[in-house]
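Note sheet for the following structure.
Every chain is numbered from 1 and lettered A, B, ... according to where its sequence line falls, protein lines coming before strand lines.
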Amino acid sequence: MDDFLARLNDQEQHRYQKTQRWRARGVNPYPLRVSRTHTARQTLDAFARGEALSGVQLAGRLIALREMGKLAFAHLQDGTAKIQLLFRKDAVGAENYATLVKDFDLGDFIGVEGEIVRTKTGEITLQVTRFELLAKTLSPLPEKWHGLKDTETRYRQRYLDLLSNEPVREIFVKRSKIITAMRTYLDEHGFLEVETPVLQPLYGGGAAEPFVTHHNKLDRDMYLRIADELYLKRLLVGGIERVYEISKDFRNEGIDFKHNPEFTMMECYQAYGDYTTMMTLVEELYAACSLAANGTLQITYQGHAIDLTPPWPRATMRDLILKTSGVDIYADADLPALRQRLAELNLKVEAKPTWGKQVDELFSVFAEPTLIQPTFVMDYPEEISPFAKKKPDTLCARVVERFEAFSLNMELGNAFTELNDPLDQYARFVEQSKQRDAGDKEAHPVDLDFIEALMHGMPPTGGLGVGVDRMVMLLTDQSSIREVILFPQLRT
RNA sequence: GGGGCGGUAGCUCAAUUGGCAGAGCAACAGCCUUUUAAGCUGUGGGUUCAGGGUUCGAUUCCCUGCCGCCUCACCA
């Protein structure tokens with residue numbers, strides 16, 4: 001207790017002394033219950049509509065206090081709005097008025113009762129007849145005018161950020177609306193929401209390094225999931241035809257403005273669909289979420305006007321690479337030929353170990369930056385898509401039915417015509433494990449349990465993954481993922 | 001991991017060539033019956049991120065470390 005008090009700075013000491021004065025008067029500075037009849041928003045709206053209100057009881061934080069002798073103006077902020085309060089010494093009594101001035105601080109929770117009036121300047125104001133302390137605040141809140149700007153404090157003490165920066169609060173309100181809209185859309189289209197294991201004996205479903213943990217009683221290592229894919233597909237084997245999960249995935253990789261070690265992913269699978277089904281779904285999903293958050297499909301992202309109205313343009317990866325770099329990946333459909341072509345065209349591209357990765361690199365460097373409006377990029381190399389079916393046409397044997405949607409260098413979604421041939425899937429796993437042996441830490445491990453599931457039959461299926469944090473970034477015009485995650489990972 | 005910028009009062013920020021560490025808000029003691037970044041008078045408040053070095057003297061210059069932001073690389 002003494003060491004707690006010793007850590008308080010001078011302002012906190014003053015507030016503590018006030019707390020003790022409340023106690024000395026027999027008042028609990030942290031009372032158990034509150035009586036509240038209206039929110040600030042309800043009060044303002046009702047008065048504006050001309051409804052007569054009396055005996056209004058509000059509860060919230062005292063965020064400003066302007067005292068002038070025998071009267072004081074204040075502002076109370078609750079979760080809905082802020083409203084001005086007027087305290088008159090003659091209305092509340094001299095003794096009570098003195099406690100307001102002496103023993104309340106900015107940030108304290110206060111309960112007030114009174115009549116709604118309009119002041120000289122026209123502001124709707126609660127003229128207080130009675131008030132009480134609801135919770136004493138020991139630490140001062142950030143300064144009202146400049147607010148809280150220090151990025152580190154904003155993230156580490158997000159509650160202060162939410163209190164003093166209204167736009168921050170709005171981002172997280174929008175985030176909630178977006179996720180609700182996503183659920184509503186999927187629910188209304190017959191998808192069943194499920195929960196699959198976060199703690200897994202074998203991770204999979206994506207290219208990433210996992211977090212490893214340990215189960216003591218079982219005495220074995222476990223992994224935090226990097227994707228939901230393989231468990232959701234087991235549910236398709238089990239006869240659930242439309243299924244989705246919105247959940248945290250974990251990837252043990254670098255942290256930057258678009259990567260957080262834990263992030264929110266939506267994955268959904270639709271039996272008897274394919275990747276074109278998923279294209280329709282993803283563009284409709286973005287439209288529904290944008291309407292819910294912004295009321296429009298015309299949004300601005302980092303100064304660019306983006307139109308989310310379906311349908312979005314579609315193009316093959318081959319055509320986009322051809323148009324932007326001059327390389328036809330179907331004509332040079334193996335690594336030596338592709339490398340030779342790059343050399344002939346004098347294209348400066350980092351060398352990659354496989355044709356598929358080289359193609360992906362070409363796409364990232366030349367094509368992806370040109371995609372401003374949301375665009376479906378179709379037909380990816382098989383080597384970087386171990387869960388997608390090969391395309392049936394003979395134009396190029398090395399591509400699969402997969403798309404990613406891009407806008408402004410952001411991936412909006414990733415979908416496949418899902419591979420359901422257990423032998424082919426096994427061969428892909430074996431190929432991945434070779435890349436693993438060759439040093440690729442993100443290559444996929446062989447999952448025999450999943451193969452066994454496929455052996456029991458999975459229907460033809462379209463599957464989609466959407467990074468929810470990235471979607472929220474796009475729909476709230478934020479350039480950093482940390483601005484859309486309440487408590488982003490920082491060094492500790 | 002490389003490069004750049006930054007860390008000063010509760011908050012937002014200053015500090016000349018290396019020369020007593022400051023302002024506004026907040027706090028404290030007062031005045032004030034229509035304010036709203038209220039106003040006025042007065043007062044207190046600092047491990048200048050941490051540690052080391054150079055110097056008569058370091059917020060300032062040098063080294064190491066911690067933390068944050070930007071950027072490149074890695075990575076989807």
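- Aromatic ring centres of A:Y203 and A:F250: separated by at least 6.0 Å.
- Not counting sequence neighbours, the partners of A:Q84 by the side-chain contact (heavy atoms from CB on, under 4.5 Å) test are A:R66, A:F73, A:H75, A:T119, A:E123, A:T125.
- Other residues, nucleotides and ligands place no more than 12 heavy atoms under 6.0 Å from the CD atom of A:E95.
- Applying the 4.0 Å criterion to OP1 and OP2 of B:A38, one finds that A:K120 has every side-chain N and O outside that range.
- Residue A:R251 is classed as a sugar-phosphate contact, given heavy-atom separations below 4.0 Å to backbone atoms only.
- Under 4.0 Å is where a charged nitrogen must lie from a carboxylate oxygen, and between A:K357 and A:D440 at least one such pair does.
- In this structure, the side chains of A:E229 and A:F416 come closer than 4.5 Å at one or more pairs of heavy atoms.
- Side chain of A:E283 to backbone of A:W312: a donor-acceptor contact under 3.5 angstrom is found.
- One finds a side-chain N or O of A:R66 lying less than 4.0 angstrom from the OP1 or OP2 phosphate oxygen of B:A38.
- Remark: B:A37 base-pairs with no nucleotide; criterion is Watson-Crick or G-U wobble with both hydrogen-bond distances under 3.5 Å.
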N/O to N/O distances under 3.5 Å, protein versus nucleotides 40-46 of chain B:
unit_1: B:G44; atom_1: N2; unit_2: A:D10; atom_2: OD2; d: 3.2

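- The side-chain contact (heavy atoms from CB on, under 4.5 Å) search around A:Q57 returns A:S35, A:T37, A:E113, A:R130, not counting sequence neighbours.
- Taking only side-chain atoms of A:M68, from C-beta outward, the nucleotide of B:C70, B:U34, B:C28 with the closest atom is B:U34.
- Rounded to whole angstrom, the span from the CG atom of A:L106 across to the C1' atom of B:A37 amounts to 12 Å.
- Distances shown here put every side-chain N or O of A:K258 at or beyond 4.0 Å from the OP1 or OP2 atom of B:U71.
- Atom CG of A:N9 is separated from atom C1' of B:G10 by 6 Å (rounded to the nearest Å).
- Heavy atoms of A:E67 sit under 4.0 angstrom from at least one base atom.
- For A:P140 and A:F73, each mapped to the nucleotide of RNA chain B holding its nearest heavy atom, the one lying further toward the 5' end belongs to A:P140.
- Not one side-chain nitrogen or oxygen of A:R482 sits closer than 4.0 Å to the OP1 or OP2 atom of B:G68.
- Contacts of A:E12 with the nucleic acid, taken as non-hydrogen atoms under 4.0 Å apart, are absent.
- Considering only side-chain atoms of A:E152, the nucleotide from B:C74, B:C67, B:U35 that sits closest is B:C67.
- Taking atom CZ of A:R470 as the reference point, atom C1' of B:C75 lies 10 Å away to the nearest angstrom.
- Between the NZ atom of A:K82 and the C1' atom of B:A37 there is a distance of 10 Å, given to the nearest Å.
- Residue A:K102 is classed as a sugar-phosphate contact, given heavy-atom separations below 4.0 Å to backbone atoms only.
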